[in-house]
Protein chains: 2
Amino acid sequence: MSSSNSKTTPAKIIRSTSEFAAYVGLARTTVSRVLNGQPGLKKKTIDRVQRAIEETGFVPNAYALHLKGKRPATVGVCMQNIAFPPLVQKLASLHRKLRERDVTTFIEIVEGGDSTSIIRHFLSLRVDAVVFMGYFDEDRVAQHLRGLSTNGTPSLVIDHFGIKGANTIYLDRARGMAALTNHLLDHGHRRFGLLGYSETFRSTFERERGIREALAARGFSFEESTMNLDHKHDRGRDFEYGRALAHSFIESKRLPTAFIALNDEIAIGAMHGLKERGLGVPGDVSVTGFNNQDICLMTAPSLTSVDQRVDATIDVAVDHLLEHIGQPLRQRTSVRMIEPLLVVRESTGPARLK
Amino acid sequence: MSSSNSKTTPAKIIRSTSEFAAYVGLARTTVSRVLNGQPGLKKKTIDRVQRAIEETGFVPNAYALHLKGKRPATVGVCMQNIAFPPLVQKLASLHRKLRERDVTTFIEIVEGGDSTSIIRHFLSLRVDAVVFMGYFDEDRVAQHLRGLSTNGTPSLVIDHFGIKGANTIYLDRARGMAALTNHLLDHGHRRFGLLGYSETFRSTFERERGIREALAARGFSFEESTMNLDHKHDRGRDFEYGRALAHSFIESKRLPTAFIALNDEIAIGAMHGLKERGLGVPGDVSVTGFNNQDICLMTAPSLTSVDQRVDATIDVAVDHLLEHIGQPLRQRTSVRMIEPLLVVRESTGPARLK
DNA sequence: CTGAAAGCGCTTACAG
DNA sequence: CTGAAAGCGCTTACAG
């Protein structure tokens, strides 16, 4: 089956204003003026060009326009990957909000590729700013940031905390974990199992600090209150990992009254692991996740988690970008913290009394 | 804290080959030759330019290069949204595989925006092909395809079946559902509850056809074998929707022995709904999902589902694109079917005997 | 309304 | 190795 190419379709495909002007039967200059909505044109001329546009589907060459200075504001977004739902949400939100401000977003995904060539590509496209989103190799990013800086291009790092000289917007994970810890303390929990906290490539350190400080504020010692059995397992799929960790805790005979998991998947795995061994959530053990993904609602019991507040984060990002686009590079770097939101659900409750 | 701008950083930001040539102290022509790796240059000259590149971070303007005919192959991908995990997987896979073939991907997300302006943008960028991915308004896409066709730009529609004149790569949902139905028939199921099949904007029709044909092949009537209570609910969040549908079926006193859900989320909701009313899966009711997302493994029991075979789909897409890029438009449209993969897990088993 | 011209940043022959 | 020139597709003064 082929598409029907009927009468109105011109034989020739038009790719430049000269060709287009010839097709319309007007001067190149005149056509250009119509295209740019300049005054002093007869209605009839405008209509003629308009009609020809519809017939031919002609669109001026963006590359030539760019050279003439008619370029939309553009931002290059460098994503580490797009396998992680909260990251994809941020990307979608950023893209949408920038479009509302007439900023074009170029998206590139590193994921096994060469981030250096991506940055070069953005630079060759003369983007007005570069955004990094995801968990990168810190040295690599720091190096890119230096390159961008000497190039005069503003940059922004979302959610990767602690890169030197980086404009950063960062979810205050410490604060989120402190809120979570306080919630559990309020329920009488005193012994906590940490699930997945020996990870190094994620921003685990900040999270641990939050737990530590919340415990200290109530007079508890982190070392005495928490347990970690991560070393017993190779990190695999999060869900299976959480399940195996729960089993290990049960077998260790030192089962805490609450599990604090690195993310929702591990938490859900742990809930399964507990259930398989006849333990109830939150009756026997309370369980918490992180990220507040949709699946938190799909488990029984539903999962207490910490929300990343994607929209708030991206609002701040967009404001930052708009402020810096087209401006000379500031020498001061800015670091903005976003406060996460604790979402309490059914998986957390009063600590079981021994 | 500010980033350190040390000795090697030039005061001036270099944005053109002329400026760069002046900086190096060579002719523009010579610099250009080095940049393009042309022969007949002294090692010393090459090194000099190389060093200057490192010092200044100069990257030639992609827009000017494009005008001179030095343009990488590019594909524009128009995504309906990126909220749906299998869709995001396809995007990531397509992006990666095209990059491996040195094709640059421009990604745009419609999602409440104006798809016409996106197509215009792609056209102005003179992309070599446009890919549509997601569930679009058919008339709108058909119109875009016509525009692209008169423009001489190849196009490809992934996973939206039945658009006239469209090069299509399509998951053969009918076949997947037939396999699923046969699996259930083999287990003795004869009464099926359809969950979410009254949806019209998704490719539900094809799926229903698969079920219908599988039933017919075994001598069963679709009308007598299936039940649908979708009309009792407003479609909300999939999970809640599935749960409510399960409740309705239980209350209707005509509970089928198997639920066939439109997607994994609805299936998982239904499993919860059954459990809440004291019914076991698959003991009392078997449940199937669609998409084979990660969450299929995170439920108890794990969920039988149909896998979209993202990689196979995208392999076919990449082959198609590579074949059509830079070629004159073919008049014949091609439609390629991908066979889905039934993944049997714990949520399906023998039908309960009455 | 038209036409010739300059120029955006590049590359590539073409003479030196 | 250098330099002047042409030209990619556009826009914008500038004279008709």
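Every chain is numbered from 1 and lettered A, B, ... according to where its sequence line falls, protein lines coming before strand lines.
The side-chain contact (heavy atoms from CB on, under 4.5 Å) test applied to S115(B) returns V110(B), R140(B), H144(B), not counting sequence neighbours. Applying the side chain to side chain donor-acceptor pair (under 3.5 Å) rule to D47(A) yields the partners K43(A); only residues at least two apart in sequence or on another chain are considered. Taking the side-chain contact (heavy atoms from CB on, under 4.5 Å) definition, one finds that E54(B) meets it with nothing, sequence neighbours left out. Under the side chain to side chain donor-acceptor pair (under 3.5 Å) criterion, H320(A) pairs with no residue at all, not counting sequence neighbours. Contacts of Q143(A) classified as side chain to side chain donor-acceptor pair (under 3.5 Å), with partners at least two apart in sequence or in another chain: none. For D137(B), the side chain to side chain donor-acceptor pair (under 3.5 Å) criterion is met by no residue, not counting sequence neighbours.
Distance E19(A) CD to dC10(D) C1': 13 Å, rounded to the nearest Å. Straight-line distance from the CG atom of L125(B) to the P atom of dC10(D): 13 Å, rounded to whole Å. Note: OH (Y63(A)) to C1' (dG7(D)) measures 19 Å, nearest angstrom. Between N61(B) atom CG and dG9(D) atom C1' there is a gap of 14 Å when expressed in whole angstrom units. Protein atom NE2 of H66(A) is 9 Å distant from nucleotide atom P of dG9(C), rounded to whole Å.
For the pair A64(B) and L26(A), both in contact range of DNA chain C, the more 5′-proximal nearest nucleotide belongs to L26(A). Judged by closest nucleotide on DNA chain D, I46(B) is the one of I46(B) and L67(B) placed further toward the 5' end.
Looking at heavy-atom distances under 4.0 Å, R126(B) makes contact with sugar-phosphate atoms alone, never a base. Within the nucleic acid shown, T30(A) comes within 4.0 Å of at least one base atom, counting heavy atoms only.
T168(B) places a side-chain N or O within donor-acceptor distance of the main-chain N or O of A166(B), the cut-off being under 3.5 Å. No donor-acceptor pair closer than 3.5 Å links the side chain of D128(A) to the backbone N or O of I325(A).
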Atom pairs under 3.5 Å: protein N/O with N/O of nucleotides 11-14 of chain C:
residue : atom : partner : partner atom : Å
dT11(C) : OP1  : N36(B)  : ND2          : 3.0
dT11(C) : OP2  : S32(B)  : OG           : 2.6
dT11(C) : O5'  : S32(B)  : OG           : 3.4
dT11(C) : O2   : K68(B)  : NZ           : 3.3
dT12(C) : OP1  : K70(B)  : NZ           : 3.3
dT12(C) : OP2  : Q38(B)  : NE2          : 2.6

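With a 3.5 Å limit on both pairing distances and Watson-Crick or G-U wobble geometry required, the stems of 3 or more pairs in DNA chain C span C:1-3 with D:14-16, C:5-12 with D:5-12, C:14-16 with D:1-3.
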Side-chain donor-acceptor pairs of residues 74-82 of chain A under 3.5 Å, sequence neighbours excluded:
residue : atom : partner : partner atom : Å
N81(A)  : OD1  : A83(A)  : N            : 2.8

